[in-house]
Each structure stands twice: as structure tokens, then as C-alpha cells.
There are 2 protein chains.
Amino acid sequence: MTKDKYHHGDLKKDLMSKGLQLLGTEGYEGFSIRKIAALCGVSHAAPYKHFQSKEAMVAAIIADVSWKFGAMVKDVMDKYAHDPKTKNIEMGKHYTKFMVENPDYFRFMFLTNHYSPIHFTGESIEIDERHSGFNISLKCAEDFFDSINLEKEKRAMAFLSIWSLAHGSTVMLIHGTVAYSGDYLELVAKMLKEKLESLERNQA
Amino acid sequence: MTKDKYHHGDLKKDLMSKGLQLLGTEGYEGFSIRKIAALCGVSHAAPYKHFQSKEAMVAAIIADVSWKFGAMVKDVMDKYAHDPKTKNIEMGKHYTKFMVENPDYFRFMFLTNHYSPIHFTGESIEIDERHSGFNISLKCAEDFFDSINLEKEKRAMAFLSIWSLAHGSTVMLIHGTVAYSGDYLELVAKMLKEKLESLERNQA
DNA sequence: TCTGTATGTTTACACTGTCAACATATTGTG
DNA sequence: CACAATATGTTGACAGTGTAAACATACAGA
């Protein structure tokens, strides 16, 4: 609510918002600080008062989406708290849904080197603390493993399988055909269900 | 073997080779026509006699790797022709291995919009004719499905599962920890084996 | 009110992709 | 072989980029 002259009001927020919008319409290429500054009606150097570099700006935008991702994951986690199996299936569905709706976030996470939330070493999985979404989704899987008493040694591989199913099909959706039908989410659910039940059977 | 003066000899090849090298060292960002031209000892506009644009140049480089990918896939296909199950497991291992060794190819394929070899519509899968590697790997899976008499309706999903396992773990490897151990390939193999045998059991 | 600090603008630089105009080598035709 | 057409280079220009320094203005606290 400033006098609407020299100062913008809340430029940082506006930059991030317009930046995300540009990411969505033009993709990572075509994402330019000068363009965003213009969209905000501000000089091309103004963004540098809020972000150290272009990279930092993109990182901030992505971190913001990451927060929303975390919130979504937490919602699923709470909603289906009582049922570990359903929880994992729903988690996969929501994962795919979220990524399909935020393809630039998806691309940025898994296609650049700037962002590595997951560290998988063969025996153990470590997830960057800042990325709560992945942390929680790992815990989601752990809950299921607990419920079927899966041995510790088998968990890394089991998690990898589950995650691969969800992620792999997401890639297909985002990168493959443009047509997106609700059915696809059911397909993801079915694949996950099969895998989870196979784990159950092997454990029984 | 020209007179080594005004003309380069085989600039197109040299550009692609140095370009691929640059992709490997600096990634997609930092991939610059002018840099590559300099590496080839040629003026900054020379590449435009061979490629219409930067994008076309990257596409050509990627197509070249794609060809190698296809050759690799075909080798696996032939080597294990007699055994559909082993063939699919080996295919997955080689897929992961190839992508880990060509991470820029991998990134370019699945991270940008320039390149969409696979079209998955829910019931059927279509693969771009030019990308023989994926075509063959689909056929590889089909061979297995034939060997266990899998119903047509179940095949799209089964393929998606198999491919997701291979691809998902590849993402982990490329994007996660830097450490690459041979064991990882065994993990991929194990996951695939489990999935294939689960399909077998359901069919028996 | 005065002064420091946050937030803008302007100007400048090196770098990018791309194009047009020009130069030189190679190739194919009479 | 000569000469024209063509392929392959070079040079110079342009607009657009990220980034930094110098400068200007508004706001906040003493």
C-alpha cells in the first residue's frame, strides 16, 4: 500500500509469482530475469535487490512449490493415517497428480543438477531435510513396512520399487502423450496396489 | 584431409563431438554455439552452415546418442534372444548402465520438451519410429508377455511397471548420490526379476 | 529532523543466438 | 581446362541476456 511510485510494494513476492507463471508458460528456457522484471513493471536490475542471481531466483520459486508439495503430502499422510496400504496408494496418486499439475517443478527437480532431494546409497536412503515432502513420503512407506514387519535389509529396495512405479509413470504422463485422463491415476493406483500386496504376500 | 586452411575438413562431425563433450562437462546450460565453434577453431557463425539453430544442433547430437542407444538395445535383444525373462532383466540393467554413462542424453530426453519418444495413451503404447531403442525394448517386453501368454489388456500396464522400475531407479542413480557401484545394477536386476516372476505367477 | 538503509533506476560490460554480406575453396558443367 | 554454381568459411552487426557499479529515492529509527 505504498504511494504507488518509486517503490513497488512487495516486489519479491510479485517476482516469484510472475516467475512461476513464466516457468509454466515458457519453460525453463525463456525464463528471463529481464522479462519478469518487465512483467512486474520494474527495471531489469531491480530483482538483484531480492535475489543474488537468476539461479537463486529459480531456486526460491522452486522452494516455494516444494513447500506446497510438502503440505500436500502431509495432508495425505494425515487423512489416511489409519491405513498404511491405502495411504501409500493415495500418496502415489497424489504424487503423480501434483507433478502433472506442476510439470516445471517436476522437471526442475529431476532434470537439473541444482536440486537433489534424495540420496540413495544402495543400503540406505537419505533425504534432504529441507524437502519435507520426500521425507514424509519415505515415512509413509516405512509405516507400511512396519505394518507387514518387513525386514530392514529389504526396505531400501522396496521403497525404490514403490517410488519408481509412481515416478516412472509420472514421467510417462508428463513427457508422453498430452492427453491426461483421470483413468491414469487409477492405473498408478493399481500398479502400486499390486506391488504392496506382493510385499504383503512375501511376508505372510 | 584438406589443405588445412580455410576449410575445416569435417566440421559437422567435429562440432557434434565437441558439443557432446561440452554437454558432458558443463551440462545443458553452458552449452554454447560460440564456445563449441572456438573449440573447433572456427568462427562463431560457421556452425550455422551445418545446423539451422542451436536447438537443431543439440537435437542432432542427441539423435546420434539415440542411435548408439538403439544399437546397445539391439545387442541385448540378440544376445539373449532365447530367454525372454533374462532378456528383459538384462535390458533393464543395460538401460540403467547406458543412462548413467550418458546422463546428458538422459536429461535431454526426459527433461525437455524437445524429445518425446514414448506415447502412452492408457490402453496402448506408441513409440516414435525414429527411436528404435525404445521400439525394440517394447518388443523385448512383448516377447516376455507372449512367453507367459499375458492377456492383451494387461500388457500396457505391465510394460509401464517394468519400464517404471528401470527408469525410476535410473533417476535415483543419476540424480541422487554420486557414488555408482556395480551393486546397483544388481538391485535393478532384482527388482525386475521380482516383477517378471510376479507376472508369471499371476498367469500360471 | 537527520541519517542510515532498503529498494529502486541507469549505465555499462561481456556474453549469447542469429542473420546478412562477403570471401574462399570445391565441384560439376560446357 | 575454364568458368559458373555451390558449399563452406569469415566478419560485422543486432537484439537479448545476466550481472555489477554508481546513483537516486523512499522509508524507518535516532
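Scope of the values below: all heavy atoms of this structure, side chains included, with no hydrogens, waters or symmetry mates. Reminder, nothing fancy here: chain letters follow the sequence lines and each chain counts from 1.
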Exercise for the section: Indicate yes or no: does A/Lys87 engage A/Glu90 in a salt bridge with an N to O separation below 4.0 Å. Expected result: no
Handout entry: Note, A/Val65 side chain near A/Phe98 side chain (heavy atom, < 4.5 Å)
Key = yes
Exercise for the section: Please report, rounded to the nearest Å, how far the C1' atom of C/dT18 is from the CD atom of B/Glu55. Expected result: 14 Å
Strictly under 3.5 Å: I want the nitrogen or oxygen pairs between protein and nucleotides 14-18 of chain D, one per line.
residue, atom, partner, partner atom, Å
D/dT17, OP1, A/Ser32, OG, 3.3
D/dG18, OP1, A/Ile33, N, 3.0
D/dG18, OP2, A/Ile33, N, 3.3
D/dG18, OP2, A/Arg34, N, 3.4
D/dG18, N7, A/Arg34, NH1, 2.6
D/dG18, O6, A/Arg34, NH1, 2.9

Handout entry: Value in whole Å for how far the P atom of C/dT16 lies from CD1 of B/Ile36
Key = 10 Å
Exercise for the section: Figure out the CZ/P separation between B/Phe51 and C/dG17, and round it to whole Å. Expected result: 14 Å
Exercise for the section: Using whole Å, report how far NZ of A/Lys49 lies from C1' of D/dC27. Expected result: 15 Å
Exercise for the section: Specify the separation, in whole Å, of atom CG of A/Asp14 and atom P of C/dT7. Expected result: 15 Å
Practice task
Between B/Gly41 and A/Gln52, name the one whose nearest nucleotide on DNA chain D is closer to the 5' end.
Solution key: B/Gly41
Handout entry: side chain to side chain donor-acceptor pair (under 3.5 Å) partners of residues 14-23 of chain B, not counting sequence neighbours, each pair once
Key = B/His8-B/Asp14, B/Asp14-B/Lys18
Handout entry: Whole-Å gap separating P (C/dC15) and CG (B/Leu22)
Key = 15 Å
Handout entry: Spatial distance of atom CD (B/Glu142) from atom CG (B/Asn88) [nearest 0.5 Å]
Key = 10.0 Å
Exercise for the section: Using a 4.5 Å cut-off on heavy atoms from C-beta on, say whether the side chain of A/Phe51 contacts that of A/Leu15. Expected result: yes
Practice task
Classify the angle between the aromatic ring planes of A/His167 and A/Tyr95 as parallel (below 30°), tilted (30 to 60°) or perpendicular (above 60°).
Solution key: tilted
Problem - Pairing residues for B/Lys154 by the side-chain contact (heavy atoms from CB on, under 4.5 Å) criterion, not counting sequence neighbours - result: B/Leu150, B/Glu151, B/Gln203
Exercise for the section: Side-chain contact test, heavy atoms from C-beta onward, threshold under 4.5 Å: evaluate it for B/Glu197 versus B/Lys85 and give yes or no. Expected result: yes
Handout entry: Between the first and last five pairs of the helix from C/dT1-D/dA30 to C/dG30-D/dC1, the angle of the axes, rounded to 10 degrees
Key = 10°
Exercise for the section: Give, for atom CG of B/Leu20 and atom CG of B/Asn102, the distance between the pair rounded to the nearest 0.5 Å. Expected result: 7.5 Å
Problem - Separation of atom CG in B/Leu11 from atom P in C/dT26, rounded to whole Å - result: 14 Å
Exercise for the section: Figure out the CD/P separation between B/Glu26 and C/dC15, and round it to whole Å. Expected result: 13 Å
Exercise for the section: Would you mind checking if A/Glu186 and A/Lys193 are paired as a salt bridge, meaning a charged N to carboxylate O distance below 4.0 Å? Expected result: no
Let me have the donor-acceptor pairs involving side chains of residues 30-48 of chain B, under 3.5 Å, with sequence neighbours excluded, atom names and distances please.
residue, atom, partner, partner atom, Å
B/Ser32, OG, B/Arg34, N, 3.2
B/Ser32, OG, B/Lys35, N, 3.0
B/Lys35, NZ, B/Glu26, OE1, 3.1
B/Lys35, NZ, B/Gly30, O, 2.8

Just the atom pairs and distances: protein N or O near nucleotides 4-6 of chain D's N or O, under 3.5 Å.
none

